[in-house]
J.: 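Mind looking over this structure? Questions follow.
We count ligands from 1, going down the list as the structure has it; atoms in each ligand are counted the same way.
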Amino acid sequence: MRLLVTGGAGFIGSAVIRHIIRNTNDEVVNLDKLTYAGNLESLAGISHSARYAFEQVDICDRVEVDRVLRQHRPDAIMHLAAESHVDRSIDGPAEFIETNIVGTYNLLEASRQYWQSLEGEKKADFRFHHISTDEVYGDLPHPSETPNAEEYLFTEQTAYAPSSPYSASKASSDHLVRAWQRTYGLPVLVTNCSNNYGPYHFPEKLVPLMILNALEGKLLPVYGKGEQIRDWLYVEDHARALYKVVTQGTPGETYNIGGHNEKQNIEVVHAICDILQELRPQDKSYRELITFVQDRPGHDMRYAIDATKIRKDLGWVPEESFETGIRKTVQWYLDNLEWCHRVQDGSYQRERLGAQV
Ligand code: NAD
């Protein structure tokens with residue numbers, strides 16, 4: 001099987017590609033524009049494989065997307081390319097509209113034309129897998145508001161109510177993907193996943209930011225009182241789930257993916273501080289670096305996924321608990337500080353751009 005993965009140089013896309021190359025005999029074509037969030041060093045361990053190819057292409061560039069489809073003739077597309085950082089979407093929504101909505105539309109049209117040109121089994125077995133977020137559902141009652149908050153979970157039937165420009169752009173793309181199935185018969189799969197954490201996460205997101213700031217003795221900024229609840233999933237568990245969905249999922253279906261690991265942001269930060277204290281002990285507790293800052297506008301208070309369907313239909317369950325996953329993650333950052341500094345200070349991007357000239 002040959003899979004085209006968009007956004008394969010990003011955090012989750014690179015985990016998907018590493019998983020496929022290391023654990024299957026499938027071939028992968030990685031289509032990525034290489035924005036600030038894309039980093040080919042995340043694929044250094046597998047990029048020598050004869051089953052891996054890279055195409056630096058923007059999903060908004062129809063001519064180039066058509067060329068890649070004609071040239072590589074994939075059996076399935078896993079679409080992860082997106083602008084993904086909520087804070088950036090608040091400061092500048094335009095890129096989010098362009099990539100997440102227009103780019104997905106463009107990819108759908110190119111995929112439809114390509115799929116319609118196929119014949120026989122190749123056409124019947126083709127899949128377009130759209131990777132999305134639980135943030136499209138808006139937020140759930142918080143335990144501070146409702147005593148039985150734990151009874152409320154996002155299911156595949158939950159109505160969409162996105163709060164941020166990021167989640168609204170992802171919701172729009174989900175609607176487009178489902179419309180392309182209903183109207184044109186394109187065999188699509190949609191997955192909506194909770195917050196991921198793990199290796200190769202760009203250091204602007206909560207978990208890596210806290211680890212790196214703590215190591216440098218910088219303040220650990222936590223929004224509001226840190227009471228927001230997220231359902232944390234280790235990125236390699238997500239990669240395993242996505243591969244199951246694209247190979248075994250039923251076209252037209254949506255699968256929610258989550259770790260049943262509901263944690264307040266402040267609990268996550270405390271866990272990171274305590275593991276660092278154990279692995280890199282210092283006199284002053286890392287927790288003393290925590291500082292509460294003004295909350296993000298429109299900040300959702302709680303997300304939590306009901307992952308019953310993917311467990312029952314496809315037999316997927318996460319392998320990591322939050323405790324094991326966060327320990328592995330902290331250890332990975334300690335072992336890979338060089339990677340972090342290179343993506344943070346832009347030297348990776350400068351070398352890449354220099355190499356292209
Ligand atoms: P990321 O920001 O780490 O990576 C995004 C990748 O897409 C980068 O490699 C970037 O270069 C590429 N890209 C951006 N614009 C592009 C364009 N126009 N054309 C081609 N490539 C482009 O994101 P991530 O955290 O790996 O998320 C991947 C997907 O999973 C996104 O669709 C996101 O909405 C979804 N998701 C993320 C999470 C999470 O916790 N990170 C949770 C659920 C769903």
J.: Report the nearest protein non-hydrogen atom to atom 4 (O) of ligand 1: residue, atom name, distance rounded to 0.1 Å.
T.: G10 CA, 3.3 Å

J.: Which residue owns the protein heavy atom closest to atom 21 (N) of ligand 1, what's the atom, and how far is it?
T.: K33 N, 3.1 Å

J.: Under 4.0 Å from a heavy atom of V57: give me the atoms of ligand 1 that qualify, with their elements.
T.: 19 (N), 20 (C)

J.: When rounded to the nearest 0.5 angstrom, what distance separates CG in L233 from CG in N195?
T.: 9.5 Å

J.: Before signing off on this row, confirm whether T35 and ligand 1 have an N or O atom pair separated by under 3.5 Å.
T.: yes

J.: Would R88 and Y36 satisfy side chain to side chain donor-acceptor pair (under 3.5 Å), going step by step from the backbone distance to the final call?
T.: CA-CA 12 Å; R88 285 181 188 256; Y36 78 95; 3.1 Å; yes

J.: Considering the heavy atoms of I131, write down every atom of ligand 1 situated less than 4.0 Å from one of them.
T.: 30 (O), 32 (O)

J.: Do T146 and N148 have a side chain donor and acceptor closer than 3.5 Å?
T.: no

J.: Considering both backbone and side-chain atoms of N196, is one of its nitrogen or oxygen atoms within less than 3.5 Å of a nitrogen or oxygen in ligand 1?
T.: yes

J.: Any N or O on K170 sitting closer than 3.5 Å to an N or O of ligand 1?
T.: yes

J.: List the steps and the verdict of side chain to side chain donor-acceptor pair (under 3.5 Å) for S167 and S164.
T.: CA-CA 5 Å; S167 53; S164 71; 3.1 Å; yes

J.: State whether the side chain of D75 and the backbone N or O of F126 hold a donor-acceptor pair below 3.5 Å, judged by distance alone.
T.: no

J.: Considering only non-hydrogen protein atoms, determine which one is nearest to atom 43 (C) of ligand 1 and report residue, atom name and distance to 0.1 Å.
T.: C193 O, 3.3 Å

J.: Are D345 and H341 linked by a side-chain donor-acceptor pair shorter than 3.5 Å?
T.: no

J.: Looking only at protein heavy atoms, which one is nearest to atom 5 (C) of ligand 1, and what is the separation?
T.: A82 O, 3.4 Å

J.: Based purely on interatomic distance, does G8 place a nitrogen or oxygen under 3.5 Å from a nitrogen or oxygen of ligand 1?
T.: no

J.: Provide, to 0.1 Å, the distance between atom 18 (N) of ligand 1 and the closest protein heavy atom, together with that atom's residue and name.
T.: D58 OD1, 2.9 Å

J.: Under 6.0 Å between ring centres: does that hold for H299 and Y223?
T.: yes

J.: With heavy atoms of Y166 as the reference, note each atom of ligand 1 found under 4.0 Å away.
T.: 33 (C), 34 (O)

J.: In terms of residue, atom name and distance, what is the protein heavy atom nearest to atom 19 (N) of ligand 1?
T.: I59 N, 2.9 Å

J.: Please could you name the atoms of ligand 1 that A9 approaches to less than 4.0 Å, counting only its heavy atoms?
T.: 9 (O)

J.: Can G103 be said to touch ligand 1, with heavy atoms closer than 4.0 Å?
T.: no

J.: Within ligand 1, which atoms have a heavy atom of S132 less than 4.0 Å away?
T.: 43 (C), 44 (C)

J.: Which atoms of ligand 1 sit under 4.0 Å from any heavy atom of S84?
T.: 1 (P), 2 (O), 23 (O)

J.: For ligand 1, which atoms have a heavy atom of S194 less than 4.0 angstrom away?
T.: 42 (C), 43 (C)

J.: Quick check: L31 and ligand 1, any N/O pair under 3.5 Å apart?
T.: no

J.: Quick one: sort the H79 and H130 rings into parallel, tilted or perpendicular, breaks at 30° and 60°.
T.: tilted

J.: Taking the six-membered ring for Trp, are H19 and Y243 parallel (under 30°), tilted (30 to 60°) or perpendicular (over 60°)?
T.: perpendicular

J.: Regarding ligand 1, does N195 bring an N or O atom to under 3.5 Å of one of the ligand's N or O atoms?
T.: no

J.: Among all protein non-hydrogen atoms, which one is nearest to atom 31 (C) of ligand 1, and what is the separation to 0.1 Å?
T.: L80 O, 3.3 Å

J.: Counting only nitrogen or oxygen atoms and a 3.5 angstrom limit, does N39 reach ligand 1?
T.: no

J.: Verify the distance criterion only: is there a donor paired with an acceptor across the side chains of E95 and T99 at less than 3.5 Å?
T.: no

J.: At less than 4.0 angstrom from any non-hydrogen atom of G38, what atoms of ligand 1 do you find?
T.: 8 (C), 9 (O), 11 (O)

J.: Looking at K328 and E236, does any basic side-chain N land under 4.0 Å from a carboxylate oxygen?
T.: no

J.: Examine H175 together with Y160 and report whether their ring centres are nearer than 6.0 Å.
T.: yes

J.: Could you give me the CA-CA distance, side-chain angles and deciding distance for Y137 and F154, then say whether ring pair (Phe, Tyr, Trp, His ring centres under 6.0 Å) is met?
T.: CA-CA 7 Å; Y137 298 124; F154 296 135; 4.9 Å; yes

J.: Among T99, D32, V16, which residue places a heavy atom closest to atom 8 (C) of ligand 1?
T.: D32

J.: Can you tell me which residue and heavy atom of the protein come closest to atom 37 (C) of ligand 1, and the distance to 0.1 Å?
T.: I12 CD1, 3.3 Å

J.: Between W332 and Y200, is the ring centre distance below 6.0 Å?
T.: yes

J.: I'd like to know if the side chain of E278 and the backbone of I275 have a donor-acceptor N/O pair within less than 3.5 Å.
T.: no

